[in-house]
Amino acid sequence: MIVLTGLAATIAGLLLAAWVFRFFGRMSGRPAFRDMGMTSAFGWMLAVFLLFWAVRLYFFVDGAVFFRWAVQGFILFAVMAFLFRLLGRYLGTAATKRLFRAMPLTASFGILTILLYAVVAIFAGSIAPHGQEEIFARVNILPGGNPEFGGDPAFPLGTDQIGRDLLSRLIFGAQNTVGIAFATTLLAFLLGGTLGFLAATLGGWLDQLLSRMVDVLMAIPSLIFALLLMTIASAWAGSEQGLLTLYMIFIIALIDSTRVYRLARAVGGNIVVMDYIEAAKLRGEGMGYLIFREILPNAMAPLLAEFGLRFCFVFLTIASLSFLGVGIQPPLADWGTMVRDLSQFINFAAFSPLTAALPLMAAGAIALLTVAVSFTVDWMLHRSSGLKE
Amino acid sequence: MKSLTRIVLHRLFLGLLTLFVVSVVIFTAVNMLPGDFAQAILGQGATPEAVASIRRDLGLDQPPVIRYFQWLAGVIQGDLGRSFAQANFTSFTGTTSGQSSVMGQIAPRFANTMFLAGVTAAIAVPVSLALGILAALYRNSVFDRVVNIATLSSISSPEFFLAYILILFLAVLNPLLPSLSNIYSDMGLGERLERTLLPALTLTLVVTAHMMRMTRAAIINLLASPYIEMARLKGLSPMRVILRHALPNALAPIINVIALNLAYLITGVVVVEVVFVYPGIGQLFVDSVKNRDIPVVQACCLIFAAAYILLNLMADLMSILSNPRLRHPR
């Protein structure tokens with residue numbers, strides 16, 4: 001109740017401030033104020049209010065540790081993205097320089113983050129201080145590395161309930177979670193793309209058969225279908241945990257290949273009617289040549305954007321499955337499972353912020369990558385649609 | 001008018017056909033399980049005689065096609081079979097509780113899930129429409145860019161990330177709302193709403209972003225049309241141009257997107273229910289997946305798929321009904 005009254009009072013105050021702001025703005029005689037509506041005056045006041053609130057929270061409230069971390073992280077990434085774009089403008093070939101010159105900050109943030117993840121994922125073995133399955137004698141070491149508060153400098157983020165180093169598992173998570181998602185997406189594209197192009201070039205009964213099958217599979221929500229198939233796969237795999245992860249890759253690739261198939265068939269269908277395909281057919285080229293040398297290069301742009309989006313979906317599905325306990329299986333370190341295992345620590349936020357941040361780090365690692373990919377894809381789509389106009 | 005009924009009936013028929021095929025797919029998938037139900041129920045103490053007797057009891061000795069139609073007939077009459085976990089429990093304790101039927105387990109939880117989805121929709125739809133209209137009105141401004149970045153980030157984040165962020169700020173650091181949504185049947189509406197609010201807010205964050213972006217895109221698509229130009233030249237205010245002239249024509253895609261997002265809610269509900277321990281159908285589904293309680297998995301899957309198909313069908317019909325050109329096809 002108090003919250004609601006506070007909210008109402010704030011809005012009323014902001015409306016009053018907006019009116020005053022506009023009134024005095026008009027006295028100055030600037031045309032921008034003359035045409036200003038009440039909503040945009042309110043918007044400006046709201047922005048100023050939020051800015052003040054954020055500054056107050058950042059500098060004067062002791063308990064707002066998480067907010068401070070979030071702001072610092074935001075500024076860090078913004079500065080890094082800016083520097084990365086600056087670097088790109090002066091280094092490299094003329095084409096990449098031109099690319100970086102017209103790039104918004106969000107896109108340079110996206111590309112930089114994807115590169116960082118790729119580096120961490122590839123060199124996880126040499127970056128991580130310990131192995132992902134290595135078990136140490138001391139369990140439940142608190143994060144922070146301070147022995148007075150139950151930490152240990154050798155384990156900056158502490159150890160979990162059976163004594164595995166959490167920092168190493170977080171780093172290896174990049175290799176496992178991202179690597180598996182990437183492999184799954186590739187498989188989905190291989191399957192869906194090939195079948196889609198085949199359906200587009202051949203048409204006829206094959207097209208009908210495949211399209212109706214895809215229709216049926218797409219009528220079941222993907223996470224639900226994945227969970228159903230994982231139940232069956234877990235019965236098949238028995239106690240072979242590694243086998244279950246392999247089955248998961250195939251299951252999600254199959255489900256997501258239906259979406260790829262749709263796109264590949266639609267894009268392929270537009271290309272197949274072109275004159276140069278006709279010419280290639282008259283030359284007597286085979287099906288493989290048609291698909292890989294004629295259709296694929298011309299369908300590259302939409303497929304690449306779709307690859308980014310599809311990767312996001314696959315990555316989120318795998319993370320969700322692991323979070324629900326049926327995805328990537330231990331002893332492989334993986335972010336979804338880590339979030340689930342560490343989630344109870346969030347209740348200690350008031351006493352030990354760093355401990356409470358552990359599940360958020362794993363979840364944030366997932367979110368950061370998907371956000372970065374989305375920003376990059378958004379920019380790519382915007383660019384390709386902008387070039388057409 | 002006659003052609004309209006025909007279109008609607010045609011779509012309804014297609015929807016039913018899809019549902020039928022989906023039920024076949026689910027049944028086939030479940031029957032690919034190794035071993036069988038009887039062994040799964042008996043576990044370690046599976047003697048051949050006991051297995052045979054349970055197989056006879058559950059009708060497992062019949063061919064799959066007959067079993068499929070028996071299952072389908074049961075489903076249509078509201079009988080979804082017996083839950084393994086509960087059957088197991090009953091065989092150990094020797095008592096029959098009323099919960100051993102899948103229907104008895106699902107029915108109350110289904111109502112809870114619908115309640116959660118309803119609360120979410122009640123918050124998300126107005127908010128996303130308002131935000132979408134505002135973003136279209138102030139397109140390419142600072143506000144538009146901030147909203148664009150914020151929504152893109154919230155679409156891309158996993159549901160559990162948003163859920164834990166909300167728990168951290170609204171339940172742990174500032175104890176405003178309970179972080180566990182345990183709901184009982186004899187709970188007052190006010191308390192129920194309070195416990196549901198946090199999961200509903202999480203789902204709202206996920207769904208609003210998409211709906212808002214589509215609303216904005218649908219309106220902006222129309223702004224280049226000559227009749228909008230005309231309205232602007234008449235001297236109408238930008239707000240009036242959008243609300244009175246652009247919005248009615250953008251309604252078809254917007255309704256479509258709202259229905260699709262409600263369908264998406266069904267998938268999102270699973271993860272969110274697990275995070276908040278909300279006693280809905282999604283949590284039951286995940287628990288049954290872990291316990292390999294096949295009849296419940298099968299039934300939940302069918303319900304989710306049916307709701308998904310139904311909402312997609314609604315989206316389809318609504319977009320036909322709201323567009324005169326589709327209503328009277330040449």
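Labels below follow one simple rule: chain letters A, B, ... track the order of the sequence lines, proteins then strands, and each chain is numbered from 1.
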Q: Which bit of L137(B) is near chain A, if near means a heavy-atom gap under 4.5 Å: side chain, backbone, both or neither?
A: neither
Q: Could you tell me which residues in residues 368-378 of chain A have at least one non-hydrogen atom under 4.5 Å from a non-hydrogen atom of chain B, sorted by residue number?
A: T370(A), V371(A), S374(A), F375(A), D378(A)
Q: Does any non-hydrogen side-chain atom of V172(B) lie less than 4.5 Å from one of F348(A)?
A: no
Q: Give the intermediate values and the outcome of side chain to side chain contact (heavy atoms under 4.5 Å, CB included) for residues F160(B) and I366(A).
A: CA-CA 10 Å; F160(B) 51 82; I366(A) 298 167; 3.8 Å; yes
Q: Suppose we screen for salt bridge (Lys or Arg N to Asp or Glu O under 4.0 Å). Which residues come up paired with D215(A), at least two apart in sequence or across chains?
A: R212(A), R262(A)
Q: Which residues pass the salt bridge (Lys or Arg N to Asp or Glu O under 4.0 Å) test with R56(A), not counting sequence neighbours?
A: none
Q: Using only non-hydrogen atoms and a strict under-4.5 angstrom cutoff, which residues of residues 161-169 of chain B touch chain A?
A: F161(B), Y164(B), I165(B), I167(B), L168(B), F169(B)
Q: Would you mind checking which part of S234(A) comes under 4.5 Å of any heavy atom in chain B, side chain (CB onward), backbone (N, CA, C, O), both or neither?
A: both
Q: Which answer fits Y264(B), side chain, backbone, both or neither, if we ask what part of it has an atom under 4.5 Å from a heavy atom of chain A?
A: neither
Q: So for T18(B), is it side chain, backbone, both, or neither that comes closer than 4.5 Å to the heavy atoms of chain A?
A: side chain
Q: Counting C-beta onward and ignoring hydrogens, is there a side-chain heavy-atom pair between F304(B) and I220(A) closer than 4.5 Å?
A: no
Q: V25(B) versus chain A, heavy atoms under 4.5 Å apart: side chain, backbone, both or neither?
A: side chain
